[in-house]
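Chain letters run A, B, ... following the sequence lines, proteins first and then strands; every chain starts at 1. Source: prediction; values computed, not measured. Quick note: numbers below take in every heavy atom, side chains included, and nothing from hydrogens, waters or symmetry partners.
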There are 2 protein chains.
Amino acid sequence: MPPPPGPMEVDAVTDTQGVTIPDPLTRPIRSNEILGRRKAPPKTQWGVAAAAHSSSFRQGPSEGKPKARRWDHRFTEESLARKGSQLKGAAKYLGNPGLISLGGGLPSSEYFPFSELSLKLPVPGHFEGTDFDAHATTVSAGKHDLAQGKSIFDIATAFNYGQGTGAAQLLRWLTEHTELVHRPPYADWACTMSVGATSAFDMALRMFTRPGDAILSEEFTFASALDTATPMGLHVVGVSMDQEGLLPDSLDAILSGWDPAARGGASKPFILYTVPTGQNPTGATQSARRRRDIYRVAREHDLFILEDEPYYFLQMQPYVGTGAREQRQAPPPPRSHDEFLASLVPSYLSMDTDGRVMRMDSFSKVVAPGSRVGWITASEQVVEKYKMHADVSTQCPSGMSQLILFKLLEEHWGHGGYLDWLIHLRLEYTGRRDNILEACEKYLPKEVVSWVPPAAGMFHWMRIDYAKHPRYPAKSVTQLEDELFMASIAHGSLVMRGSWFLTDRSVEPDQLFFRATYAAAPADKIQEAIRRFGEALRESFGLEGGGGGGGEANGSKSVANGNGV
Amino acid sequence: MPPPPGPMEVDAVTDTQGVTIPDPLTRPIRSNEILGRRKAPPKTQWGVAAAAHSSSFRQGPSEGKPKARRWDHRFTEESLARKGSQLKGAAKYLGNPGLISLGGGLPSSEYFPFSELSLKLPVPGHFEGTDFDAHATTVSAGKHDLAQGKSIFDIATAFNYGQGTGAAQLLRWLTEHTELVHRPPYADWACTMSVGATSAFDMALRMFTRPGDAILSEEFTFASALDTATPMGLHVVGVSMDQEGLLPDSLDAILSGWDPAARGGASKPFILYTVPTGQNPTGATQSARRRRDIYRVAREHDLFILEDEPYYFLQMQPYVGTGAREQRQAPPPPRSHDEFLASLVPSYLSMDTDGRVMRMDSFSKVVAPGSRVGWITASEQVVEKYKMHADVSTQCPSGMSQLILFKLLEEHWGHGGYLDWLIHLRLEYTGRRDNILEACEKYLPKEVVSWVPPAAGMFHWMRIDYAKHPRYPAKSVTQLEDELFMASIAHGSLVMRGSWFLTDRSVEPDQLFFRATYAAAPADKIQEAIRRFGEALRESFGLEGGGGGGGEANGSKSVANGNGV
């Protein structure tokens with residue numbers, strides 16, 4: 001297997017200001033270490049639809065670490081009823097020397113109408129602007145690279161059927177990456193692939209919840225999560241938040257005072273669904289301290305945590321303001337992979353001594369949503385249940401996607417090159433975040449709009465002081481939200497209504513928010529959209545002129561470009 | 001959009017004997033017709049995560065056709081509770097001229113680490129042996145082909161988020177292909193993508209069944225389907241079969257005499273799950289007459305049919321025996337796309353005047369299982385429910401897979417080139433089927449083994465006359481099956497035990513079968529595996545020598561190669 005060229009070839013990480021950061025030895029060493037510690041796998045490991053287990057890829061010592069709790073008493077009838085496929089019983093004979101199998105109905109790869117797949121991929125150290133394409137190198141996968149000893153993964157293998165875990169070739173990389181970043185503190189943790197966190201959440205709910213149950217989440221939450229849970233007959237109970245997200249005391253109070261009678265007969269919740277980093281929609285990021293407090297409450301009330309972390313690697317540089325002076329005081333970007341990893345808020349997985357966390361990781365925000373490849377990390381028992389469900393529903397993520405990710409992550413970038421990419425994204429999103437905040441400071445009427453600078457993710461959450469609105473209380477908060485939303489549309493700017501993300505929609509909201517994303521639009525468009533939103537607010541609130549005008553909107557361009565966005 | 005080159009460039013279909021069949025004008029005309037009838041779509045149709053609807057792509061007249069029945073009274077609470085995502089409410093403003101959206105949290109394609117994806121694809125007329133690679137042409141997708149007017153699909157679009165339907169670019173092709181092959185006889189049919197038929201079956205059961213319900217299927221059925229249904233608390237009731245599969249009278253008898261008390265309280269079934277063509281494991285193919293009879297029973301008892309058709313395009317040439325004389329009498333391969341399409345057994349979808357069929361199509365046996373892209377065809381009401389579930393669980397198939405299939409099917413082959421490929425597979429599988437049957441005739445003891453030549457699919461189903469076994473009735477059928485299975489393993493040949501596919505496992509089976517696949521192994525290996533299986537049977541039954549010996553196994557090679565396998 002060729003070593004990942006990424007880290008070896010690269011001498012520097014370049015930040016968005018074009019400043020070159022000397023490359024510390026730690027990087028190549030770190031990923032060489034991982035390669036060096038790899039166990040030599042049995043050849044069968046790489047075969048078509050071969051069984052794959054994280055346990056063969058974990059590198060850290062498990063001695064002295066606690067074993068995960070078992071959740072037999074918590075699994076649903078559906079989950080408990082899953083037995084591995086009987087046909088797999090035949091698999092154990094496939095190792096017999098000389099055996100010819102007429103067993104599995106797998107199509108022959110001679111009927112896959114593909115001879116080769118090639119990708120042009122960016123090279124670490126050259127992620128910026130025109131460099132991206134100019135230095136891109138082509139990586140190819142042939143049909144029979146495995147048989148020909150060219151690679152451990154190829155079209156004949158990846159394009160055939162697979163296991164619920166996904167292919168060992170990519171699962172190994174995912175397991176190593178998870179260990180590198182989170183170092184789970186219990187012995188029997190494991191990874192298995194998902195077809196995305198949305199599906200992983202759906203499958204976790206079918207594993208642990210029954211119609212009529214209640215689950216817990218942030219008071220403003222990812223709307224699609226509600227759309228997944230509600231049709232299953234689940235009541236999603238919102239936990240109060242502050243600028244650091246979930247409040248442990250609110251969580252504890254809800255659970256301590258839980259009264260089934262007052263909750264439509266629902267027994268005390270077992271599942272907490274949370275987006276700890278750059279939460280959608282609030283942009284809130286739970287601090288390390290906050291996470292430890294919530295984990296403690298989870299232990300006290302025996303909660304199982306579904307940690308949904310699509311934005312984990314969109315943690316940004318600390319916000320210092322956008323003036324030249326502030327920029328000079330801005331802390332420098334991470335100078336090594338160690339510095340970068342140390343800068344990340346620790347995950348629930350990294351503090352999960354009980355095995356009561358199922359972490360959902362995603363490539364959607366850091367590689368591409370269209371891969372529909374994600375993975376979960378949890379105890380081997382939970383992972384096995386998940387895998388058995390996948391085998392008879394989603395089966396496994398696209399083998400085409402798996403081969404593309406394998407070529408990028410394992411053979412082209414390696415662990416080091418991927419961390420370079422994540423550092424690049426960190427600085428890109430820092431620039432985008434700074435750009436929208438600058439626009440807000442410039443164009444929004446601060447007397448009625450307030451916000452906390454997001455530390456991670458894609459979303460800026462703006463609180464509107466509706467009490468200052470001339471038509472309040474004549475109009476309800478919802479009516480005012482609607483008026484402001486339509487006014488913004490009329491001014492040519494679309495921002496999302498906060499109430500669309502309310503967990504509990506039965507009560508009239510007493511807070512008014514709008515969500516704006518800085519992930520998608522170009523910098524100058526973001527400046528202009530915020531300017532228009534500010535105009536709409538002033539008009540509706542009947543406030544005086546304030547900032548605005550195309551000139552400034554254009555002026556913002558240079559700043560934006562200065563931010564490398 | 002470039003016209004599909006496939007059919008235009010190709011002058012001939014070549015069969016497995018290397019005989020060139022003159023290419024009838026009908027082929028290019030047929031797919032030109034489809035292109036010519038295409039409606040000019042709104043440009044927005046091709047955008048990132050744009051809504052897609054089959055209705056924009058259906059070409060046949062719907063006037064005078066009946067509307068599908070509505071199933072509101074049959075949907076589960078879960079399915080009825082699904083509402084479209086609230087956030088999509090914002091989408092309707094995206095058309096406003098000049099509007100800048102800070103709404104959807106879609107990542108910018110500048111953060112997809114891919115510049116180009118290329119594929120080497122085989123060319124119609126050159127699917128044989130070395131021709132496959134020698135004539136393969138390279139097709140590429142760039143990051144911004146859509147914006148640059150080079151294609152309607154690209155990396156920036158396909159690799160971003162999508163809709164539950166899948167992307168319009170591929171959905172159009174799937175809808176046209178479905179109409180070309182099946183011409184559904186009701187007005188409001190539609191297609192939507194699945195992440196594979198296994199997932200489609202899982203989602204259909206959650207749409208129409210509740211724990212404790214009974215559903216119907218063949219008495220020997222796809223084992224994984226049982227593994228999907230049973231954990232949901234469903235009882236799968238087996239319907240008797242003959243060599244044409246499901247027996248309408250048995251189906252009618254079960255439903256007419258249905259007694260909930262005798263069925264553990266389960267009410268009369270609504271769902272019939274069937275694999276009508278090349279059924280797994282029996283290889284049985286329902287004739288057109290048989291399908292019409294079953295559809296009539298389904299109407300009488302108001303059944304909804306889940307038509308699972310992975311092997312539909314593995315229908316083979318009629319079996320005439322493998323001797324030279326028979327070969328001369330063998331009917332010629334299809335000489336045109338019309339002849340090919342006319343040769344296919346009509347699907348349930350093609351006779352579904354009520355909209356009581358959900359057809360599940362798959363690329364797994366005809367392109368590659370690893371795409372994890374399939375599609376369903378049903379009434380718009382059922383498709384909409386399915387799509388809303390997908391939006392909050394599987395989301396959509398991999399965009400990477402969708403782009404690869406789009407490049408192959410839409411831009412490289414077109415409809416005509418794909419039919420050429422399917423004709424190629426038809427002849428390849430005919431050769432494989434003939435090869436295993438020749439081996440069976442040569443090596444198996446006919447006094448205790450009997451079979452019906454499969455007309456479609458991947459599986460050969462062999463009945464063992466266990467009554468002739470010296471240890472019967474001392475040993476039960478299951479014990480004898482185990483003895484024969486282990487004997488075959490000992491002789492170095494793996495075939496699957498029939499009882500693994502039993503729908504009702506509560507009663508001791510009174511039939512003994514083994515399933516062998518001819519899809520995977522090379523021809524000479526298949527000959528040798530059957531020879532060993534024959535040896536094992538003779539030994540266990542205490543029969544005299546009979547055919548066998550490496551010589552013949554080698555001798556079979558030439559025949560096999562003669563068959564182009």
Side-chain angles (χ1 to χ4, degrees), chain A residues 78 81-82 85-87 93 98-103 105-108 112-113 115-120 122 133 136 158-161 195-196 198-199 202 223-224 227-228 231 365 368-370 372 392-395 398-401 404 458 489 492-496 500 516-517 519-520 525 529, chain B residues 78 81-82 85-87 93 98-103 105-108 112-113 115-120 122 133 136 158-161 195-196 198-199 202 223-224 227-228 231 365 368-370 372 392-395 398-401 404 458 489 492-496 500 516-517 519-520 525 529:
Chain A
E78 176 179 330
R82 297 194 192 287
S85 161
Q86 253 187 303
L87 301 193
Y93 302 107
L99 181 95
I100 304 174
S101 171
L102 304 183
L106 299 170
S108 164
F112 302 166
S115 304
E116 191 178 82
L117 178 145
S118 299
L119 301 159
K120 264 183 80 177
D133 287 326
F159 285 22
N160 213 320
Y161 282 104
V195 301
T198 305
S199 169
D202 173 279
S224 158
D227 296 334
T228 302
K365 310 303 191 290
R372 304 321 303 138
V392 297
S393 59
T394 56
Q395 288 206 351
S398 159
M400 295 173 172
S401 293
I404 288 171
M458 295 180 153
I489 294 285
S493 176
L494 173 66
V495 291
M496 301 301 240
W500 282 337
T517 180
K525 295 274 189 208
Chain B
E78 175 179 332
R82 295 192 195 289
S85 161
Q86 253 188 304
L87 301 192
Y93 301 107
L99 181 96
I100 304 173
S101 170
L102 304 183
L106 299 170
S108 164
F112 302 165
S115 303
E116 191 178 82
L117 178 146
S118 300
L119 300 159
K120 264 183 81 178
D133 287 327
F159 285 22
N160 213 319
Y161 283 104
V195 300
T198 307
S199 168
D202 173 279
S224 157
D227 296 334
T228 301
K365 310 301 190 292
R372 304 321 301 139
V392 296
S393 59
T394 56
Q395 288 208 350
S398 159
M400 295 173 172
S401 293
I404 288 171
M458 295 181 153
I489 293 285
S493 176
L494 173 65
V495 291
M496 300 300 240
W500 283 339
T517 180
K525 295 272 188 210

Visitor: When only pairs under 4.5 Å are counted, which of A/Pro231, A/Ala136, A/Pro113 shares the most heavy-atom pairs with chain B?
Guide: A/Pro113
Visitor: Quick one: what part of B/Ala158 sits under 4.5 Å from any heavy atom of chain A, side chain, backbone, both or neither?
Guide: backbone
Visitor: Which of the residues A/Ser393, A/Gly98, A/Ala529 is involved in the greatest number of heavy-atom pairs with chain B at under 4.5 angstrom?
Guide: A/Ser393
Visitor: How many angstroms lie between atom OG1 of B/Thr198 and atom OH of A/Tyr161, to the nearest 0.5 angstrom?
Guide: 7.0 Å
Visitor: Find the distance between CD (A/Glu116) and CG (B/Asp133) and round it off to the nearest 0.5 Å.
Guide: 9.5 Å
Visitor: Can you tell which part of B/Glu78 gets under 4.5 Å to a heavy atom of chain A, answering side chain, backbone, both or neither?
Guide: both
Visitor: How close do A/Thr394 and B/Arg372 get, heavy atom to heavy atom, and via which atoms?
Guide: O-NE, 4.2 Å
Visitor: Let me confirm one number: the OG1-CZ distance from B/Thr228 to A/Arg82, rounded to the nearest 0.5 Å.
Guide: 8.0 Å
Visitor: Is the shortest heavy-atom distance from the side chain of A/Ser118 to the side chain of B/Lys120 under 4.5 Å?
Guide: no
Visitor: Picking from A/Ser224, A/Gly196, A/Ser199, which has the most non-hydrogen pairs under 4.5 angstrom with chain B?
Guide: A/Ser199
Visitor: Can you tell me which of A/Val195, A/Ile404, A/Val495 forms the most heavy-atom pairs within a distance under 4.5 Å of chain B?
Guide: A/Ile404
Visitor: Give the minimum heavy-atom separation between A/Phe159 and B/Ala368, together with the two atoms involved.
Guide: O-CB, 3.5 Å
Visitor: Say whether, by atom type as modelled, one donor and one acceptor occur between the side chain of B/Ser101 and the main chain of A/Leu494 under 3.5 angstrom.
Guide: no
Visitor: Tell me, out of B/Ser401, B/Ser398, B/Pro122, B/Ala516, who's got the most heavy-atom pairs with chain A below 4.5 Å.
Guide: B/Ser398
Visitor: Where do B/Pro369 and A/Asn160 come nearest, in terms of heavy atoms and distance?
Guide: CG-OD1, 3.6 Å
Visitor: Say you draw a straight line from CG of B/Leu99 to NZ of A/Lys525; how long is it, rounded to the nearest 0.5 Å?
Guide: 10.5 Å
Visitor: Please classify the contact between B/Tyr93 and chain A as side chain, backbone, both or neither, with a heavy-atom cut-off of under 4.5 Å.
Guide: side chain
Visitor: Going by heavy atoms in the side chains, are B/Ile100 and A/Ser493 under 4.5 Å from each other?
Guide: no
Visitor: Could you tell me which of B/Ala81, B/Ser115, B/Ser108 has the largest number of non-hydrogen atom pairs under 4.5 Å with chain A?
Guide: B/Ser115
